[in-house]
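Below is one structure, written out as structure tokens; the observations come after it.
Heavy-atom basis, side chains included; hydrogens, waters and symmetry copies ignored.
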Amino acid sequence: MPKKGKKAKMPLSDEEQLLLFQQKMLAEEEMAKKKERLLSQFLKDKLAKEEHNSVLNLNKINTQWRTVLREVKTRELHKDIEILSQTFERVVDCKDSVIKSLARDLSEAEEQYAHALRSHLHNIDQLLALQRCRLNLLEESYNTELEALTKEFETERKTIIDQHEKEIHYLQDVFMAMEQNYIDSEYESKLEFQSMWDDLKNKNLEKKHFLRLQLENIVDLWRRFQEALKNYTDATEDQKIAFETLKVKDEKSSKEIEAQMKKIQRLQDAIIILKSKILVHSRESEEQNQYIRKDKELILAQLRKFKAQRTQARELSQENLVKLTMESNATLKALRKIVDKGEKILKLAEICRKFETEEEKVLPFYSSVLTPEEQEKIEEIYPEELTEELAKVIVNYTGMENFWKRYNKVKLEQLSLQYRHAQLLEINGKLREMLKQYLDGISVSDEVLSQLNPLFIVNHRSNLPQPLPTPTTQPGDKPPPTTYNIIEAAHVISHIL
């Protein structure tokens, strides 16, 4: 067996401890991931079950709720059908009356249309006759003007052709004269050239004979000169070659100088031409600048004027815009009030339609309830002459006649109900007063005892004030009012029975 000392573990280094720590961390991370996977799988399964159950329960609730809604909807639809049937009958009756009135209006409109069509056709015939007369006059004037223009054109054409022929003949004569002058000048120049050529030829021959005589005398000198020349050429061969090269360069440079001089001359000519053009253009530009300055001043004045007009127009448009916005806001508010009022009226009409009678549903627009005699009396009491302005105003409000009928009917009913309400309030007040008197008579309380009560008698005495002894009445005086003790009938009957 090994010794105990050998069983003891060796101390681990830092790297080994770090490796062990990392392995533990990895193992813990793997365990945590496994737990998360299991938990997420469990939650997913649970969520799927819950969703399945929720779907089933939602379907059950929806089926039950649909049955309830169907029942409620059927009731509402039955009620709506009843209301719609009543309104439909009323609308049908209204439409029948409207159709009859429209048929009458249609027949009247057809008669008016036929009359207007006849008058329109008559007017069109008159206009066509006037137009035909006008066209005939215009055609005659056109023909006369055309004949005058053709005559003027022919005369002008003849004059132009004659003038053209005259100019052609004149140019031909000029051409012939110039050609003759050219032939004459050419012949004269040839004669002058021939004479000059003969003179020059004779002079050259004479010079040649004179030079030949001189050369014969100078032959010896020539030979000597040739020998000296040969010696000179042999001695100055290198300088000659250099001279030839310099001569070639000189010729080239002279050619270049001539070309440059020609170029300079051309440039100077061009400069002179350009200077003249610049002067002309400067004068023209100065004139144009003066015109432009004047135009600029005018344009600036117009621009200032337009700017002032624009600012005025902008201020005016701004004021108009502000005014328009304020008016539009006011109109919008007024229209909103009118719309709200109309909606309120429609709602009230819907509410009031439920309380309409059968007669009102069948005949919503009643005729006048006044008899002809009553209407004649009203016209006699309130006579009113029908003027054109009043007739125009009445025509604009004819569409509101049925509305005013119903409105007046409702207003009369309202006034009658208010009058009836006032009567009932008065009767109720009287009845309340009588009831109060009765209750005060049959009850005993501090308030009743403090007030005068003819029914309250103690020891054969009432709490009413006793009348003072009246002095002797004189003739002509009114007798004092007599007082009476009133006993309630119910009190008497209760004692008798």
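- With values rounded to the nearest 0.5 angstrom, Tyr113 atom OH is found 11.5 Å from Arg118 atom CZ.
- A distance of 9.0 Å separates OG in Ser101 from CD1 in Ile99, rounded to the nearest 0.5 Å.
- In this structure, Gln418 places its CD atom where more than 12 heavy-atom neighbours from other residues, nucleotides or ligands lie under 6.0 Å away.
- Using a 4.5 Å cut-off on side-chain heavy atoms (C-beta onward), Leu300 and Lys296 make contact.
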Side-chain donor/acceptor pairs under 3.5 Å, residues 121-139, sequence neighbours excluded:
unit_1: His122; atom_1: NE2; unit_2: Gln126; atom_2: NE2; d: 2.7
unit_1: Asn123; atom_1: ND2; unit_2: Ser119; atom_2: O; d: 3.0
unit_1: Asn136; atom_1: ND2; unit_2: Arg132; atom_2: O; d: 3.0

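- Every residue two or more places apart in sequence or in another chain that forms a salt bridge (Lys or Arg N to Asp or Glu O under 4.0 Å) with Glu426 is listed here: Lys430.
- Phe306 is linked by a side-chain contact (heavy atoms from CB on, under 4.5 Å) to Gln302, Gln309, counting only residues two or more places apart in sequence or in another chain.
- Legend: residues meeting side-chain hydrogen bond (donor to acceptor under 3.5 Å, both in side chains) with Glu327, ordered by chain and number and at least two apart, are absent.
- Checked against side-chain hydrogen bond (donor to acceptor under 3.5 Å, both in side chains), Tyr419 has the following partners two or more places apart in sequence or in another chain: Gln423.
- To the nearest 0.5 Å, the span separating CZ on Arg310 from CG on Leu303 amounts to 8.0 Å.
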Give every donor-acceptor pair under 3.5 Å between a side-chain atom in residues 311-322 and any protein atom, sequence neighbours left out.
unit_1: Thr311; atom_1: OG1; unit_2: Lys307; atom_2: O; d: 3.0
unit_1: Thr311; atom_1: OG1; unit_2: Ala308; atom_2: O; d: 2.5
unit_1: Ser317; atom_1: OG; unit_2: Ala313; atom_2: O; d: 3.0
unit_1: Ser317; atom_1: OG; unit_2: Arg314; atom_2: O; d: 2.6
unit_1: Asn320; atom_1: ND2; unit_2: Leu316; atom_2: O; d: 3.0

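- With sequence neighbours left out, the side-chain contact (heavy atoms from CB on, under 4.5 Å) criterion links Ile160 to Glu156.
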Could you give the side-chain donor-acceptor pairs of residues 333-348 under 3.5 Å, partners two or more places apart or in another chain?
none

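- Applying the side-chain contact (heavy atoms from CB on, under 4.5 Å) test to Arg432 and every residue at least two apart in sequence or in another chain returns Asn428.
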Result block: side-chain N/O donor-acceptor pairs under 3.5 angstrom for residues 30-53, not counting sequence neighbours:
unit_1: Ser40; atom_1: OG; unit_2: Glu36; atom_2: O; d: 3.0
unit_1: Ser40; atom_1: OG; unit_2: Arg37; atom_2: O; d: 2.8
unit_1: Asn53; atom_1: ND2; unit_2: Lys49; atom_2: O; d: 3.0

Pairs of donor and acceptor atoms involving the side chains of residues 254-268, under 3.5 Å and at least two apart or interchain, shall be tabulated with distances.
unit_1: Ser254; atom_1: OG; unit_2: Asp250; atom_2: O; d: 3.1
unit_1: Ser254; atom_1: OG; unit_2: Glu251; atom_2: O; d: 2.6

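- If you take CD1 on Ile273 and NZ on Lys275, they are separated by 12.5 Å, rounding to the nearest 0.5 Å.
- Here NZ of Lys24 is found 12.5 Å from CG of Leu26. Values are rounded to the nearest 0.5 Å.
- The distance from the CZ atom of Arg90 to the OG atom of Ser85 is 11.5 Å, given to the nearest 0.5 Å.
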Sequence neighbours left out, cut at 3.5 Å: what donor-acceptor pairs do the side chains of residues 74-82 make with other protein atoms?
unit_1: Thr74; atom_1: OG1; unit_2: Arg70; atom_2: O; d: 2.9
unit_1: Thr74; atom_1: OG1; unit_2: Glu71; atom_2: O; d: 2.4

Give the intermediate values and the outcome of side-chain contact (heavy atoms from CB on, under 4.5 Å) for residues Asn289 and Arg293. CA-CA 6 Å; Asn289 288 327; Arg293 287 192 193 96; 3.8 Å; yes
